[in-house]
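In what follows, residues are counted from 1 in the order of the sequence shown.
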Amino acid sequence: MSIKQTKEGWKVDFRAGGANGKRYRKTCKTKSEAERYQKFVEAQHTTTGKPWESRQKDTRRLSDIINLWYKLHGQNLTYNIERLRKLHNTAQRLGDPVAHELTSSKYGVYRAERIEEGRSIKTVNTEMIFLNAVYNALHKIKEIEYENPLKSLSKIKEKEREMHYLDNNQIITLLNALKQYPDAELISLVCLETGARWSEAEGLTSTRVKNLKVTFTETKSGKNRTIPISENLYKKLKEQPTHASNKLFKSSSKFFYKALLKTSIQLPKGQKTHVLRHTFASHFIINGGNILTLQKILGHSSIDMTLRYSHLAPDHLHDSVKFNPISNLKN
């Protein structure tokens, strides 16, 4: 028995430090008081029941707490399997140390080595963000007693990446090259009309195409987005045969890459299918679209992400010509 309600109040009856530990019994007025008393007593004991002895060391390795984090929290996240894989890869590269023995200086050395290997700043920062999340989450729910050993490390500042977008001629060239890959062509059209990520468009089901709109679920932000589309695209989607689970498309990114290689289009590293999303956003602003509306369409949680496209607006900083000091000087 631990805590039980009696006529006198709430009775606490337990052994601190395990089955062979000292027995404690106390009656409290409220259940919460009883719970606080039990936690207080147990906090004073180790598994031996001797409060003057040091606590048993936490010998769990980094891979152990990663698995624990995944069981208690991580499996509920979007892209959970991919994140778990990346976390275990990081643990392996670090030598799978005892989790509490990893220090900011040790991780700093590891991070520097990753950059020397040619890994991008974004990749290195993401690895640390994922690992921080494991330590912070487990400490918050008291599964580990120590604080995040990496909390003093800041992310490395990234240079603003070039966001390439396709001009009108390149869009036509790409779509022509995609004609022999019908699924990849239609997915690309969805991305170009809605600003969707490739995975969002590729994951569309017939039930998410209604009333001249498409609804994207399982998005990066975790929030559903419903975007209007043209009658022409709507008709094509409605005519598209379905596959398992009412999905409209099979996995088709490899066909996009094949089509891209057949063109003269050159893209920055890591921007293959994502160029379609950048192309939508860029043309939206170039054609006079509102930046706040674009934020909602793209599903950005922060306006800062969307502002990356603001320089493409027709009147962006145009007042610099009108109000600069030279403009007021007499010839």
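Rounded to the nearest 0.5 Å, atoms CG (Leu68) and CG (Asp64) are 9.0 Å apart. With rounding to the nearest 0.5 angstrom, the CG atom of Asn169 is 12.5 Å from the CG atom of Leu174. Atom-to-atom distance recorded for Leu260:CG and Gln170:CD is 10.0 Å, nearest 0.5 angstrom. Taking NE2 of His100 as the start and OH of Tyr146 as the end, the distance is 7.0 Å to the nearest 0.5 Å. We find the CZ-CD1 distance between Arg308 and Ile285 to be 12.0 Å, quoted to the nearest 0.5 Å.
At a threshold of 4.5 Å between non-hydrogen side-chain atoms, the residues Leu175 and Leu192 count as touching. Using a 4.5 Å cut-off on side-chain heavy atoms (C-beta onward), Arg85 and Asn89 make contact. For the pair Glu185/Phe256, no side-chain contact is recorded, criterion being any heavy-atom separation below 4.5 Å from C-beta on.
The backbone N or O of Thr215 sits nowhere less than 3.5 Å from a side-chain atom of Arg208 that would complete a donor-acceptor pair. Checked by atom type and distance alone, the side chain of Thr279 pairs as donor or acceptor with a backbone atom of Leu166 at under 3.5 Å. A distance-only check finds no donor-acceptor pair linking the side chain of Ser310 to the backbone of Thr306 [under 3.5 Å].
Each salt bridge (charged side-chain N to carboxylate O under 4.0 Å, His left out) pair with one or both residues in residues 69-78, not counting sequence neighbours, would appear here, but there are none. Applying the side chain to side chain donor-acceptor pair (under 3.5 Å) test to residues at least two apart or on different chains, the pairs with a partner in residues 231-257 are Asp183-Gln240.
Ring geometry for Phe255 versus Tyr181: interplanar angle under 30°, hence parallel rather than tilted (30 to 60°). Classified by interplanar angle (parallel below 30°, tilted 30° to 60°, perpendicular above 60°), the ring pair Phe14/Tyr37 is perpendicular. Ring planes of Tyr107 and Tyr110: tilted class, angle from 30 to 60°.
Between Arg114 and Glu127, at least one side-chain N (NZ, or NE/NH1/NH2) sits under 4.0 Å from a carboxylate O, which counts as a salt bridge. A salt bridge links Glu200 with Arg197: at least one charged nitrogen is closer than 4.0 Å to a carboxylate oxygen.
Enclosure of atom CZ in Phe284 by more than 12 non-hydrogen atoms of other residues, nucleotides or ligands within 6.0 angstrom is indicated. For Glu82, the CD atom sits in a packed shell: over 12 heavy atoms of surrounding residues, nucleotides or ligands are nearer than 6.0 Å. For CD of Gln75, the number of neighbouring non-hydrogen atoms (other residues, nucleotides, ligands) closer than 6.0 Å is greater than 12.
Partners of Arg60 by salt bridge (Lys or Arg N to Asp or Glu O under 4.0 Å), not counting sequence neighbours, listed by chain and number: Asp58. Applying the side-chain hydrogen bond (donor to acceptor under 3.5 Å, both in side chains) criterion to Ser302, with sequence neighbours excluded, gives no partner residue. Scanning for side chain to side chain contact (heavy atoms under 4.5 Å, CB included) contacts around Asn125 gives Ile121, Lys155, Ile156, Glu158, with sequence neighbours left out.
Under the 3.5 Å distance criterion, with hydrogens and angles disregarded, no donor-acceptor pair is assigned to the side chains of Asp167 and His283. A side-chain donor from one of Ser63 and Asp96 sits under 3.5 Å from a side-chain acceptor of the other. For Arg225 and Thr219, the side-chain atoms include no donor-acceptor pair closer than 3.5 Å.
Contact between Ser120 and Thr123 at its shortest, heavy atoms only, is OG-OG1, 2.9 Å. Taking all atoms of both residues into account, the shortest heavy-atom contact from Thr194 to Val190 is OG1-O, 2.6 Å. Residues Ile187 and Ala201 come closest through the heavy atom pair CG2-CB, 3.8 Å. Across all non-hydrogen atoms, the minimal contact from Leu212 to Ser230 is CD2-O, 4.3 Å. Contact between Cys191 and Leu276 at its shortest, heavy atoms only, is CB-CB, 3.7 Å.
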With a cut-off of 3.5 Å and sequence neighbours excluded, list every side-chain donor-acceptor pair involving residues 129-141.
unit_1	atom_1	unit_2	atom_2	d
Asn132	OD1	Asn148	ND2	2.8
Asn132	ND2	Met128	O	3.3
Tyr135	OH	Ala99	O	2.7
Asn136	OD1	Asn148	ND2	3.3
Asn136	ND2	Asn132	O	3.2

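Linking ILVMFWY side-chain heavy atoms closer than 4.5 Å, directly or via other members, places Leu261 and Val275 in two distinct hydrophobic clusters.
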